Amino acid sequence: MGGWAIAVHGGAGVDPNLPMERQEQAKQLLTRCLNLGISALRSDLAAIDVVELVVRELETDPFFNSGRGSALTEKGTVEMEASIMDGPQRRCGAVSGLTTVKNPISLARLVMDKSPHSYLAFSGAEDFARQQGVELVENEYFITEENVGMLKLAKEANTILFDYRIPLGMESCSSGVESPLHMNGLPISVYAPETVGCVVVDNQGRCAAATSTGGLMNKMTGRIGDSPLIGAGTYAGDLCGVSCTGEGEAIIRGTLAREVAAVMEYKGLGLQEAVDFVIKERLDDGKAGLIAVSNKGEVACGFNCTGMFRGCATEDGFMEVGIWEQ
């Protein structure tokens, strides 16, 4: 075994004009979450417990698009989704359509541990949450003033916004603006998804992954993205753990997270080789990024867009937090 390793992300596709103050805020949050995970790993917490712990922290902070601070639907409400996977036996849990659950990732964990199923959604997931006694809040808890403003812009532009980062100069965007970016063949105004995720391998070589998101700004109610889909946004097995972020529809088509494990298993690629191959060969015209760890204690990331909020650390003392391509 190569010791423990951890990686965390706050989304891929960053506004290139993002103010330095916001960049520093993002880095501080990623660093705080990394340190939380490192402390837990040094205390011999299992990988599955560490990914849940770290993603809960990300869901509680409104900076990224998960939990409090989630993107708003076309109706101005929040519908959240999350998934978690434990590598050793490929156990998993996923939830979608949550409107009152304070920490979706923990409900996904309970689906894995306390139900006979792998995936619960909408009213069934909310009923299960009440049965399990998890903390519930009003939907307004998740809604931030910033996201209310972004939803207004999205409606004025008659488009979907990937989360809430609007490049400078596009505050007056309209449906007449020609966009070079597309989702499922349809033009979009802004590409800046900010799903959160964490992957961990502990000192026993056990891999785990967790992903959580509010989805797309101005999305149709009932839309489900890649984050709760095992094999698309999240995957963990004996060899690795993977969490993805970006254009959900492209990640779903490419079964991106599972592909990393598959090319390691069937092509014999190393972790970074596998990540690079999948980003290059499996996204077609989609834009996305991912973080990954291997059972050897390796950590890797990759993306094909302007940047990805990310941080990683290993037991040998390596630690890095970044946004842009190195």
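None of these values were measured; they are calculated from a predicted model.
In this structure a side-chain-to-backbone donor-acceptor pair under 3.5 Å is missing from Glu247 to Gly286. Under a 3.5 Å cut-off, the side chain of Ser43 and the backbone N or O of Leu45 do not form any donor-acceptor pair. A side-chain donor-acceptor contact under 3.5 Å links Ser70 to the backbone of Gly67. No donor-acceptor distance shorter than 3.5 angstrom exists from the side chain of Thr195 to the backbone of Gly11, with no hydrogens or angles considered. Using modelled atom types, no side-chain atom of Glu81 and backbone atom of Gly215 make a donor-acceptor pair closer than 3.5 Å. Of the possible polar contacts, one joining the Asn65 side chain to the Ala71 backbone as a donor-acceptor pair under 3.5 Å is found. A distance-only check finds a donor-acceptor pair linking the side chain of Arg310 to the backbone of Trp324 [under 3.5 Å]. Thr144 contributes a side-chain N or O that, together with a main-chain N or O of Asn147, makes up a donor-acceptor pair within less than 3.5 Å. A donor-acceptor pair is defined here as one N or O able to donate and one able to accept, closer than 3.5 Å; no such pair exists between the side chain of Asp49 and the backbone of Ala40. Side chain of Asp202 to main chain of Gln204: a donor-acceptor pair is present (N/O by atom type, distance under 3.5 Å, no hydrogens or angles).
The pair Asp276-Lys280 fails the salt-bridge criterion, with no side-chain N (NZ, NE, NH1 or NH2) lying under 4.0 Å from an Asp/Glu carboxylate O. A salt bridge links Arg223 to Glu249: one of the charged nitrogens lies within less than 4.0 Å of a carboxylate oxygen. Salt-bridge annotation for Glu145 and Lys152: absent, with no side-chain N of the basic residue lying under 4.0 Å from a carboxylate O of the acidic one. With respect to the salt-bridge test (charged N to carboxylate O, under 4.0 angstrom), the residues Lys219 and Glu74 do not qualify. No salt bridge links Arg206 with Asp86; every basic N to acidic carboxylate O contact stays at or beyond 4.0 Å.
Crowding of Glu138 atom CD: a count of heavy atoms from other residues, nucleotides or ligands under 6.0 Å not exceeding 12. Remark: Arg90 CZ is loosely packed, at most 12 non-hydrogen atoms of other residues, nucleotides or ligands lying under 6.0 Å away.
Across all their heavy atoms, Ala125 and Leu98 have their closest contact at CB-CD2, 3.6 Å. Across Asp238 and Pro88, no two heavy atoms sit closer than the pair OD1-O, 3.5 Å. Here the closest heavy-atom approach between residue Leu239 and residue Ala261 is recorded as CD1-O, 4.3 Å. Taking every heavy atom of both residues into account, Lys287 and Asn304 meet most closely at CA-OD1, 3.3 Å. Here the shortest heavy-atom pairing between Ala292 and Val242 reads CB-CG2, 4.1 Å. The minimum heavy-atom distance linking Met264 with Ser294 is given by the pair CE-CB, 4.4 Å.
Under the 3.5 Å distance criterion, with hydrogens and angles disregarded, no donor-acceptor pair is assigned to the side chains of Glu79 and Thr73. Ser212 and Ser66 form no side-chain donor-acceptor contact under 3.5 Å, judged by distance and modelled atom types alone. Side-chain contact of Thr100 with Tyr141: a donor-acceptor pair under 3.5 Å is absent, judged by distance alone. Thr211 and Ser243 are linked by a side-chain donor-acceptor pair at a separation below 3.5 angstrom, with hydrogens and angles left out of the test. The closest side-chain donor-acceptor pair between Glu126 and Thr99 falls under 3.5 angstrom. There is a side-chain donor-acceptor pair under 3.5 Å between Ser83 and Thr234. Under the 3.5 Å distance criterion, with hydrogens and angles disregarded, no donor-acceptor pair is assigned to the side chains of Gln131 and Asp127. For the residue pair Asn103 and Glu59, a side-chain donor N or O sits within less than 3.5 Å of a side-chain acceptor on the partner. Side chains of Arg56 and Ser106: a donor-acceptor N/O pair is present below 3.5 angstrom, by distance only. Using modelled atom types, one finds a donor on one side chain and an acceptor on the other under 3.5 Å when comparing Asn203 with Asp44.
One finds the CG atom of Leu72 at 13.0 Å from the OG1 atom of Thr221 (value rounded to the nearest 0.5 Å). Within the model, atoms CG of Leu30 and CD of Gln25 stand 12.0 Å from one another, a figure rounded to the nearest 0.5 Å. The CZ atom of Phe142 sits 6.5 Å away from atom CG of Asn139, with the distance rounded to the nearest 0.5 Å. Note that the CD atom of Glu315 and the CD1 atom of Ile38 stand 11.0 Å from one another [nearest 0.5 Å].
Hydrophobic clustering of Ile, Leu, Val, Met, Phe, Trp and Tyr side chains at less than 4.5 Å, counting indirect connections, keeps Val275 apart from Ile323.
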Exercise. Decide yes or no on side chain to side chain contact (heavy atoms under 4.5 Å, CB included) for Ile230 and Ser118, but give the supporting numbers first.
Key: CA-CA 9 Å; Ile230 299 302; Ser118 295; over 6 Å; no
Self-check item: Trace of the side chain to side chain contact (heavy atoms under 4.5 Å, CB included) decision for Val111 with Tyr119
Solution: CA-CA 7 Å; Val111 170; Tyr119 196 161; 5.9 Å; no
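Considering only heavy atoms from C-beta on, Val14 stays 4.5 Å or farther from Met308 through its side chain. In this structure the side chain of Ile48 reaches within 4.5 angstrom of the side chain of Arg109, judged on heavy atoms. Ile6 is listed as a side-chain neighbour of Val54, based on a closest heavy-atom distance under 4.5 Å.
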